[in-house]
Structures are given as C-alpha cells and as structure tokens.
Amino acid sequence: MKNFVSNQWLPSSTGRTFNNLNPADATDVIGAFPLSSADDVAAAVDAASVAYKQWRLLPAPKRGDILRVAGDIFTRRKDELAAIMTREMGKTLAETKGDIQEAIDTCYYAATETRRLFGYNAPSEMNNKMNMSFRMPIGVCGIITAWNFPIAVPSWKIIPALACGNTVVFKPSDDSPHSANIFAEILQEAGLPAGVFNVIHGNGEAGSAIVEHPDVRVVGFTGSTTTGNAIAARCGALNKKVSLEMGGKNAQIVMPDADMDLALHGVLWGAFGTTGQRCTATSRLILHEAIHDIFIAELVKQSSELILGNGLSNADAQVGPVINQRQLDKILSYIEIGKGEATCVLGGERDVDGSKANGFFVKPTIFTDVERTDRIFQEEIFGPVLSVAKATSFEHALELANDSAYGLSSSIYTRDVNAAFTAIRDIEAGITYINAPTIGAEAHMPFGGIKGTGNGHREGGWTVFDIFTEWKTVYVDFSGKLQRAQIDNY
Ligand code: UN1
C-alpha cells in the first residue's frame with residue numbers, strides 16, 4: 001500500500017512503513033503503509049502546486065462535473081468500501097455505509113454549489129463605477145483527519161476545497177489509511193487531473209510537515225483539541241488559514257414531559273453508536289430528577305442487551321471495537337477514574353469473550369451520580385462511556401449542559417415548546433437537536449462547534465466555502481476620469 005502523488009502510487013522515500021490492524025481482531029494485518037517524511041510531503045505539495053495552476057482556471061461547474069462523477073463512483077463502490085472501512089476501523093457495516101453516504105451527499109451538494117459560488121455586488125458611491133466581489137481559490141490545502149469517519153469527514157473538506165479550485169494534500173489517520181487510498185482511486189477514476197489530489201500516509205511527522213510547508217496555504221484539521229491547538233499556534237505564526245474540528249463532551253437533556261421511549265432510543269444511539277467514538281457522541285446524559293431512576297433502570301436494561309462484535313463476521317453486532325490499544329488503555333483508565341468518582345451501573349470493563357479476545361472491545365459503560373467537577377463529566381473519553389448527572393430543574397439542566405470546555409453538539413428531549421426554544425437559544429453549542437440524539441449531522445448543513453471544539457469555522461453546508469476561498473473585491477470605473485473615492489464625491 002502506497003502514497004498517492006500526481007496520480008501515481010509511490011512508497012515513502014524513507015522505505016519505512018507502519019502496519020494497519022483490524023481493531024476487531026488485531027491479528028488481522030490489513031497492510032503496511034508508508035511512514036512518510038517531510039520529503040514525501042514536499043513532493044506531494046510540489047505536485048499540488050503545479051496542478052493548481054491549471055485546476056484553478058477550469059470553470060467551477062466543470063470541476064463540479066468531476067465531483068458529481070466521484071459521487072456516482074462512491075455509490076457504485078459503497079458495499080465494497082464499507083467492508084474495507086469496517087475491517088480497518090471497526091464500526092458496523094450499516095454505519096460505514098452511512099459514512100460513505102455522507103461523502104456521496106457531499107459530492108452531489110458541492111457539485112451543484114459549483115454553479116452557485118455566489119459573490120456579492122453593491123452600488124458604488126460614485127457614478128459610472130461598479131463594485132463586485134468574487135470567491136477565489138487559495139492554493140494548496142493540507143487536510144489532516146481522524147479515523148472515526150474515514151471517508152465522510154475527509155470528504156467534508158476535500159470535496160469543497162476541490163470545488164473551489166484548490167488542490168489538496170491529504171494525510172489520513174494512520175488508523176484508517178486503506179479507506180483514504182480508495183478515496184484517491186475514486187477521485188482518479190472520476191477524472192481529476194494528476195496532482196490535484198494527493199495522499200500522504202504517516203503519523204505526526206508527516207502532519208507537521210504539511211502544516212509547516214510554506215506552499216500549503218490552508219490547513220483543515222479534525223482530531224484532538226491538543227493537536228488542533230498546536231496546529232493553530234503554528235498556523236498563527238506562519239499566517240495560514242486554519243479550520244479546526246476538535247473535541248466534544250456532548251450532553252443530552254431529558255425533561256419529565258419527554259417521550260421516554262424516544263429519549264431512550266436517542267441516548268442508546270448517541271452514546272453507544274460508533275462505540276461512542278464520534279466527536280458528536282452523547283457522553284453526558286442530564287436527567288431531570290423526576291424521571292432519573294426510572295429512566296436509568298430502563299437504559300441499563302436496554303444497554304446491557306446491545307450486541308458487541310466484529311461487524312464483518314457477525315451480522316447481529318451493534319457495537320464494534322474501539323480503534324486501537326492506545327485508545328483501549330485510555331478508555332479503561334477513564335473507567336477506573338470514574339469508579340473513584342461516581343457509581344458504575346453498567347459495564348466498566350473490557351470484553352474478551354470468545355473471538356473478542358483478539359480485539360479492542362469495551363462493554364457499554366454507564367456512570368450515575370456524576371458531579372459537574374468530576375473528570376468523567378468534563379473530559380472527552382471517546383469511547384462507550386456515558387456519564388449521567390441529575391438536574392433539579394430545567395434551568396439547572398441547561399447550566400449543567402453548558403458546564404463544559406467544549407461546545408459541539410447538544411440535545412434536549414421535551415414536549416414543551418417553550419423549553420425547546422429556550423434550549424435552542426441558551427445551550428452553548430454549534431449544534432442543538434430537539435427530540436433527536438446528539439449525532440446525525442447532515443452534509444448540507446453547517447457543522448462545527450464553539451468554545452474548545454473549534455476556531456470559528458463551519459464545515460458542511462454553504463459555510464464550508466468560506467474556509468476554502470478568499471474574497472476578491474473588484475471596482476470597475478468606466479467614467480474615463482480619475483474619481484477619488486471619499487473625496488470627489490463629498
Ligand atoms: C465526527 O465524529 O467527527 O453528526 C463527525 C454525526 C456525523 C458526523 C460525526 N454525521 O455524528
């Protein structure tokens with residue numbers, strides 16, 4: 001398995017590789033991928049810089065035509081790619097198909113938007129003069145992403161970046177490199193010219209070489225807050241545009257007037273879908289005290305019935321493994337911290353039953369009696385661990401939800417329209433769901449968070465084009481004479 005530079009598959013110049021393992025069965029080695037160096041990154045950035053000269057000049061709707069074909073090929077290869085993705089990162093086939101569907105939606109949406117990259121015009125303050133503005137591409141974009149959405153999240157950045165006329169160097173997570181290579185195959189088959197899209201595999205060494213390279217003008221990052229903040233600091237020093245999607249500690253509130261079954265199904269999916277490994281995952285549940293005990297009893301019962309397993313070999317599996325040994329250790333250490341802080345009412349351990357012994361499985365885990373100062377209430381765990389806190393009132397529930405360094409997603413279950421709209425106004429998060437779980441963002445709506453989650457940008461929807469374009473303002477003076485703005489007209 002190789003890097004993809006200028007439509008060619010190349011090994012790292014260092015000859016070094018890393019192994020990509022199946023997290024459901026770590027004895028299953030998917031392949032060796034290049035552990036790339038700064039030299040490999042430089043070669044990819046050079047290819048992208050050369051390609052940019054022509055790609056930026058192709059009419060945007062023509063670029064859109066290629067991205068539409070990419071959507072068609074993702075559709076054609078959906079089942080095959082879903083199996084590849086499940087094997088390398090563990091979520092179920094239904095979920096990996098959903099992951100690809102987000103990329104398909106993004107391709108078709110971006111393709112259409114290439115005919116709608118609207119600028120603005122406004123009247124001039126002088127006669128015989130016109131003022132207008134255009135979105136312009138920026139250059140080579142460095143895209144660095146996590147493993148939990150190996151196709152969807154990269155597509156949110158790569159596809160709009162290309163639609164706008166930029167070229168891309170993509171460094172996928174070293175936990176999901178195979179999916180990235182299929183992404184490259186699909187864009188190549190769709191007809192992208194050589195060098196417009198490049199994939200460099202590796203770890204932080206390749207990632208920081210992308211951030212540091214002077215010809216990379218924009219950096220788009222999804223991953224941990226620690227890494228994102230370090231990237232932002234470097235981009236600040238180097239005067240680069242940077243868009244960050246980082247951690248979350250998303251809360252679902254349940255009020256006594258809610259539809260309890262609906263709220264229960266919401267938290268089951270939000271907390272344990274994708275094994276809790278979404279930046280949007282429900283990691284905090286805030287229950288009104290009036291329904292706390294009855295809700296917990298039913299939640300524990302239904303969570304205990306979730307089937308853990310290898311999504312490729314067990315069609316009944318609902319919850320897959322966590323991604324790797326490092327994450328397994330981190331999650332288990334948070335579970336130990338939680339046992340010291342709160343009451344563990346479900347799970348609380350690794351699952352090594354039968355064939356799961358070779359994988360990184362953690363039983364769905366629920367803590368009750370969690371206090372707002374507890375680490376398991378405040379810190380992102382990124383696994384199947386739910387922290388439940390009790391609220392004495394609606395106001396208290398909002399206060400608890402907002403007691404977080406993060407602000408990505410949020411949810412409230414209530415039938416009270418006033419409570420719902422108050423929550424929409426007052427919850428500090430980029431996304432608020434009413435009577436739906438904290439996960440499930442759609443490709444054509446802005447996606448991102450406030451506080452420690454992001455740095456003010458929104459991927460998805462129409463807002464992503466703000467990340468990947470710069471404005472060009474144009475004044476056309478057809479008066480035939482020098483008109484001095486602010487002087488001759490006043
Ligand atoms: C992420 O976890 O990085 O809204 C993205 C959702 C998905 C995307 C999650 N559509 O949960």
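Ligands are counted one by one from 1 in listed order, and the atoms in each one are counted from 1 as well. These values consider heavy atoms only, across backbone and side chains, with no hydrogens, waters or symmetry-generated copies. This one's a predicted model, so the numbers in the text were calculated from it and none came from an experiment.
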Should one rank Thr145, Thr280, Val153, Asp99 by closest heavy-atom distance to atom 11 (O) of ligand 1, which comes out on top? Thr280
Just jot down the ligand 1 atoms closer than 4.0 angstrom to any heavy atom of Trp156, in number order. 5 (C), 8 (C)
With distance as the sole test, does Ser410 use its side chain to make a donor-acceptor pair with the main-chain N or O of Ile431 at under 3.5 Å? yes
Is the distance between the ring centroids of Trp147 and Phe382 under 6.0 Å? yes
The residue among Asp99, Thr274, Thr96 that forms side chain to side chain donor-acceptor pair (under 3.5 Å) with Lys91 is Asp99
Side chain, backbone, both or neither: which applies to Thr274 and ligand 1 if a contact is any heavy-atom pair less than 4.0 Å apart? neither
Hey, looking at atom 7 (C) of ligand 1, which of Arg278, Glu442, Gln101 has the closest heavy atom? Arg278
Counting each atom of ligand 1 from 1 as listed, which ones have a heavy atom of Asn148 under 4.0 Å away? 1 (C), 2 (O), 3 (O)
Donor-acceptor contact below 3.5 Å, side chain Gln277 vs main chain Pro384: no
Does a salt bridge link Glu349 with Lys363, judged by any charged N lying under 4.0 Å from a carboxylate O? yes
Provide, to 0.1 Å, the distance between atom 9 (C) of ligand 1 and the closest protein heavy atom, together with that atom's residue and name. Phe149 CE1, 3.6 Å
Tell me whether Asp25 is salt-bridged to Lys356, with the criterion being a basic N under 4.0 Å from an acidic carboxylate O. no
Do Phe197 and Phe183 make the cut of ring centroids closer than 6.0 angstrom? yes
heavy-atom search around atom 2 (O) of ligand 1 in the protein gives Cys279 N, 2.8 Å
Looking only at protein heavy atoms, which one is nearest to atom 10 (N) of ligand 1, and how far off is it? Glu102 OE2, 2.7 Å
Give the atoms of ligand 1, by number and element, whose distance to some non-hydrogen atom of Gly440 is under 4.0 Å. 4 (O), 6 (C), 11 (O)
Using a 4.0 Å cutoff against the non-hydrogen atoms of Ala441, which atoms of ligand 1 qualify? 4 (O), 6 (C), 10 (N)
